[in-house]
Amino acid sequence: MSKFDFAPMPNAEGFFGQYGGQLIPPELKKIMDDINRAYEEIRQQPAFQQELDQLFADYVGRPSPIYHARRLSEQLGGAQIHLKREDLNHTGAHKINHCLGEALLAKYMGKTKVLAETGAGQHGVALATACALVGIPCEIHMGQVDIEKEHPNVTKMKILGCKLVPVTRGTATLKDAVDSAFEEYLKDPDNFIYAIGSVVGPHPFPKMVRDFQSIIGREARQQFLDKHGRLPEYISACVGGGSNAIGLFTEFLNDDAVNIVGVEPAGKGLDTKDHSATLTKGKPGEIHGMKCYVLEDENGQPMPVHSIASGLDYPGVGPQHSYLKDLGRVQYESVTDEECLNAFMTLSRVEGIIPALESAHAVAWAMRVAPTLPKDQHILVNLSGRGDKDADYVAGKLGL
Ligand SMILES: *Cc1c(COP(=O)(O)O)cnc(C)c1O
């Protein structure tokens, strides 16, 4: 028995403790409740589960392996570092796990179009992939500024056949893309579905996305037990919205002996304004239809956040993480852009694995603590994605 009291999370109203819920207008609440009802029904259907399991195996390439980073561990001279290789998934990151789930759910619900926004384009590409596979039209809204910055992902989305809608209003970045995609969604919410890209937004999305991602931890826990006959002392993952992290953490929550660590981006430093460490520096508030920790400016508006990893710069965070922080079950740490870059280069040169800048945050944390721990202890790090998308940026930054 765990000393933590984990009632079914979330409760029927979508709350994780005081966090989550549905802070949305009544007409939208009805739509979200419909999605929740359909999800609870469909997830029990053997046909749905079988189809998802089959796609995880044959299409995504699951289970993803756990790799013992021997050379890195030796170099650090302390605990053993192991990587859960979500970077080896089809499309190169964990996002395909929940995008497949959401696309399949859309198909089973008879929806005619899947809608979403994308910032750097990672969610857009994963969703466009899933929709191409499932055979459902997909429409992605993206800020014009981001479109110009993220060429490879924009091209991929076009090739994959999704409709890419450039958004020129406001600052023409992520927030405007969210507003634009949401307006389109509200034109016909009975037939469309909005596919959220992390464990955020109104209930039931934090729950659904978590459920689809929790395959990571189910595999990892069993794989580790099979190989070592025991569990690791530490598990860790980077936290933007928090989907890859909760995906790893869920299966371990009741294992009190396992220390669980979420790693946030400290950007240029926690004492500057240029970071995105929501759980470390924020406070409970509201954003995007949910209650959670939020980084706010002096006027109570979401702060413009920064991280070298564009997938981590979000001023809110999943409600379940907010709850797990207050409960003390998960410890949230942060690493700077500089530490992230160092981990990116070290993992590349010592292990021949180029990580996503997002994932390099979790690696950086492991590199910080490994030397302080004995050699017979184990740290399992979720390597959420590969770094192809970041290679040119890093090379330019370091003058390679
Ligand atoms: C999007 C992304 C993240 C951040 O999203 P979470 O919901 O916090 O997991 C992390 N790693 C990679 C590789 C990503 O693409």
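Counting convention: from 1, in listed order, for ligands and their atoms alike.
Pairs passing the salt bridge (Lys or Arg N to Asp or Glu O under 4.0 Å) check and including a residue from residues 170-196, sequence neighbours excluded, read Lys113-Glu184, Arg169-Glu183, Lys175-Asp179, Glu184-Lys187.
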So what's ligand 1 close to, N/O to N/O, under 3.5 Å?
unit_1: ligand 1; atom_1: 7 (O); unit_2: Ser198; atom_2: OG; d: 2.6
unit_1: ligand 1; atom_1: 7 (O); unit_2: Gly242; atom_2: N; d: 3.3
unit_1: ligand 1; atom_1: 7 (O); unit_2: Ser243; atom_2: N; d: 2.8
unit_1: ligand 1; atom_1: 7 (O); unit_2: Ser243; atom_2: OG; d: 2.7
unit_1: ligand 1; atom_1: 8 (O); unit_2: Gly240; atom_2: N; d: 2.8
unit_1: ligand 1; atom_1: 8 (O); unit_2: Gly241; atom_2: N; d: 3.2
unit_1: ligand 1; atom_1: 8 (O); unit_2: Gly242; atom_2: N; d: 2.8
unit_1: ligand 1; atom_1: 9 (O); unit_2: His94; atom_2: NE2; d: 3.1
unit_1: ligand 1; atom_1: 9 (O); unit_2: Ser243; atom_2: N; d: 3.4
unit_1: ligand 1; atom_1: 9 (O); unit_2: Ser243; atom_2: OG; d: 3.1
unit_1: ligand 1; atom_1: 9 (O); unit_2: Asn244; atom_2: N; d: 2.8
unit_1: ligand 1; atom_1: 9 (O); unit_2: Asn244; atom_2: ND2; d: 2.8
unit_1: ligand 1; atom_1: 11 (N); unit_2: Ser384; atom_2: OG; d: 2.7
unit_1: ligand 1; atom_1: 15 (O); unit_2: Lys95; atom_2: NZ; d: 2.6

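Using a 4.0 Å cut-off between charged nitrogen and carboxylate oxygen, Lys281 and Glu264 do not count as a salt-bridge pair. Using a 4.0 Å cut-off between charged side-chain N and carboxylate O, Arg43 and Glu40 make a salt bridge.
Annotation: salt bridge (charged side-chain N to carboxylate O under 4.0 Å, His left out) contacts of Asp33 (sequence neighbours excluded): Lys29.
Closest heavy-atom contact between Gly143 and Ala177: N-CB, 3.9 Å.
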Identify every side-chain donor-acceptor pair in residues 287-295 under 3.5 Å, counting partners at least two apart or on other chains, and give the distances.
unit_1: His288; atom_1: ND1; unit_2: Tyr314; atom_2: OH; d: 2.8
unit_1: Lys291; atom_1: NZ; unit_2: Gln18; atom_2: OE1; d: 2.4
unit_1: Tyr293; atom_1: OH; unit_2: Asp326; atom_2: OD1; d: 2.7

